[in-house]
Amino acid sequence: MDEILKYFPALSDVQKHQFAALSELYRDWNAKINVISRKDIDYLYEHHVLHSLAIGKVLRFTPDTRILDFGTGGGFPGIPLAILFPNCQFKLIDGTGKKIRVATEVSNAIGLKNVVIEQLRGEDEKGKYDFIVSRAVMKLSDLMKIIHRNIAKEQHNALPNGVFCLKGGDVIHEVMPYKKIVQITPIHTLFKEEWFKEKNVIYVPI
């Protein structure tokens, strides 16, 4: 929790309680259904929660923004972002049932009211959203082909509707088709922990 409070000191008591509860919940569910690597669970807040919240540092979503977490796995980045933005609406989808079960149980346990979670392939999602968020699910070009039709036309935020992806390593080749419009934010400019050194938030307006 210290990593979260360091960068997000203005959290409400409810948000602090929800973030604090994640450690025990994910440890418990991870012992039953492995959605986070065994060695990585000890770094849950840095490697998963704070990593997810980097998107919230790039853009502070306005109330009533609709966000789709494409390929959420066990709930990242969707659950941390839903805690951070309680007045926004989130839908979390993944094609793997056991991962969706973990995300659902964690969400229910911390009392998230702004989240819908569904086992669904991205290609089958029909809803319209202001933003799509994703954490290293697939190549950016493949993702863009699938979600292009899911972006709403109405604008509500400081940035145009589009896609936020969390990706590590050298992303230059991957973003080349979008080089005129893409925005790459190195996460080490947002968070000082060494682990974020080669991690990025990639934003592509649609």
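Keep in mind it's a predicted model, so treat the numbers as computed, not measured.
Rounding to the nearest 0.5 angstrom, the gap separating the CD atom in Gln119 from the CZ atom in Arg121 is 11.5 Å. Separating the CD1 atom in Ile67 from the CG atom in Asn157 is a distance of 7.5 Å, to the nearest 0.5 Å. Expressed to the nearest 0.5 Å, how far CD of Glu24 lies from CH2 of Trp29 amounts to 13.0 Å. Rounding to the nearest 0.5 Å gives a distance of 12.0 Å between NZ of Lys153 and CG of Asn161. For the atom pair Arg135 CZ and Cys165 SG, the distance stands at 12.5 Å (nearest 0.5 Å). Taken to the nearest 0.5 Å, the CG atom of Leu92 stands 11.0 Å off from the CD atom of Glu118.
Across every non-hydrogen atom of Leu81 and Ser52, the tightest pair is CD2-O, 3.7 Å. Nearest heavy atoms, Gly162 versus Ile151: O-CD1, 3.7 Å. Between Pro160 and Pro205 the shortest heavy-atom distance is CB-CB, 4.2 Å. Scanning all heavy atoms of the two residues, the minimum distance from Asp40 to Ile36 falls at CB-CG2, 3.9 Å. Of all non-hydrogen atoms in Asn30 and Ser37, the two that sit nearest each other are ND2-O, 4.3 Å. Between Leu22 and Tyr45, the closest heavy-atom pair is N-OH, 3.9 Å.
A donor and an acceptor atom, one from each side chain of Tyr43 and Glu3, are nowhere located under 3.5 Å apart. Side-chain atoms of Thr65 and Thr62 form a donor-acceptor pair, as typed in the model, at a separation below 3.5 Å.
Environment of CD in Gln155: crowded, with over 12 heavy atoms of neighbouring residues, nucleotides or ligands closer than 6.0 Å. Surrounding CG of Asp2 are at most 12 heavy atoms belonging to other residues, nucleotides or ligands under 6.0 Å away. Applying the 6.0 Å contact sphere to NZ of Lys139 captures no more than 12 heavy atoms from other residues, nucleotides or ligands. For Lys39, the NZ atom is loosely surrounded, since the number of other residues' heavy atoms within 6.0 Å does not exceed 12. No more than 12 heavy atoms of other residues, nucleotides or ligands sit less than 6.0 Å from atom NZ of Lys197.
Between His51 and Trp195, the ring planes lie perpendicular to each other; the angle is over 60°, past the 30° to 60° tilted range. Ring geometry for Phe61 versus Phe164: interplanar angle over 60°, hence perpendicular rather than tilted (30 to 60°).
A distance-only check finds no donor-acceptor pair linking the side chain of Asn114 to the backbone of Asn87 [under 3.5 Å]. In terms of modelled atom types and a separation under 3.5 Å, the side chain of Thr104 and the main chain of Ile100 share a donor-acceptor contact. Here the side chain of Asp130 pairs no donor or acceptor atom with the backbone of His156 at under 3.5 angstrom. The backbone N or O of Gly127 lies less than 3.5 Å from no partner atom in the side chain of Lys91, so there is not a single donor-acceptor pair. Listed for the Gln18 side chain is a donor-acceptor partner under 3.5 Å among the backbone atoms of Ile110. Remark: side-chain polar atoms of Thr96 are not paired, donor with acceptor, to backbone N or O of Lys99 under 3.5 angstrom. Asn200 places no side-chain N or O within donor-acceptor distance of the main-chain N or O of Ile202, the cut-off being under 3.5 Å. Under the 3.5 Å distance criterion, the side-chain polar atoms of Asp69 are left unmatched by any main-chain donor or acceptor of Gly75. Between the side chain of Tyr26 and the backbone N or O of Gly74 there is at least one donor-acceptor pair closer than 3.5 Å. Using modelled atom types, one side-chain atom of Gln15 and one backbone atom of Ile83 make a donor-acceptor pair closer than 3.5 Å.
By the 4.5 Å heavy-atom criterion applied to side chains, Leu53 and Tyr7 are not counted as neighbours. For the pair Met138 and Ile146, the minimum side-chain heavy-atom distance is below 4.5 Å. With a 4.5 Å cut-off on side-chain heavy atoms, Ile147 and Ile206 count as touching. Taking the side chain as every heavy atom from C-beta outward, Leu140 and Met144 approach each other to under 4.5 Å. With a 4.5 Å cut-off on side-chain heavy atoms, Lys167 and Val175 do not count as touching. Counting heavy atoms from C-beta on, the side chains of Tyr129 and Phe70 never come closer than 4.5 Å. Annotation: side chain of Pro63 is not in contact with side chain of Phe85 (no heavy-atom distance under 4.5 Å). Residues Ile187 and Leu166 have side chains in contact (heavy-atom distance under 4.5 Å, counting atoms from C-beta outward).
At a threshold of 4.5 Å between side-chain heavy atoms, the hydrophobic network of Ile, Leu, Val, Met, Phe, Trp and Tyr places Val115 and Leu120 in two separate groups. Under the 4.5 Å side-chain heavy-atom criterion for ILVMFWY residues, a single connected hydrophobic cluster contains both Ile184 and Val204. With hydrophobic clusters built from ILVMFWY side chains whose heavy atoms lie under 4.5 angstrom apart, Val201 does not share a cluster with Val137. Under a hydrophobic-cluster definition in which Ile, Leu, Val, Met, Phe, Trp and Tyr are linked whenever side-chain heavy atoms come within less than 4.5 Å, directly or via other members, Phe131 and Leu68 are assigned to different clusters. Met1 and Leu25 fall within a single hydrophobic cluster, where Ile, Leu, Val, Met, Phe, Trp and Tyr side chains are chained together by heavy-atom contacts under 4.5 Å.
Remark: Phe8 pairs with no residue by the ring pair (Phe, Tyr, Trp, His ring centres under 6.0 Å) rule, at least two apart or across chains. In this structure Asp142 satisfies the salt bridge (charged side-chain N to carboxylate O under 4.0 Å, His left out) test with no other residue, sequence neighbours excluded.
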Can you list the steps and then say if Phe191 with Lys199 is a side chain to side chain contact (heavy atoms under 4.5 Å, CB included)?
-> CA-CA 10 Å; Phe191 306 139; Lys199 306 287 191 299; over 6 Å; no
From CA spacing to verdict: side chain to side chain contact (heavy atoms under 4.5 Å, CB included), Lys57, Thr185 = CA-CA 10 Å; Lys57 281 291 190 184; Thr185 304; over 6 Å; no
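Ion pair Asp28/Lys32 flagged as a salt bridge, since at least one NZ, NE, NH1 or NH2 atom sits closer than 4.0 Å to an Asp/Glu carboxylate oxygen.
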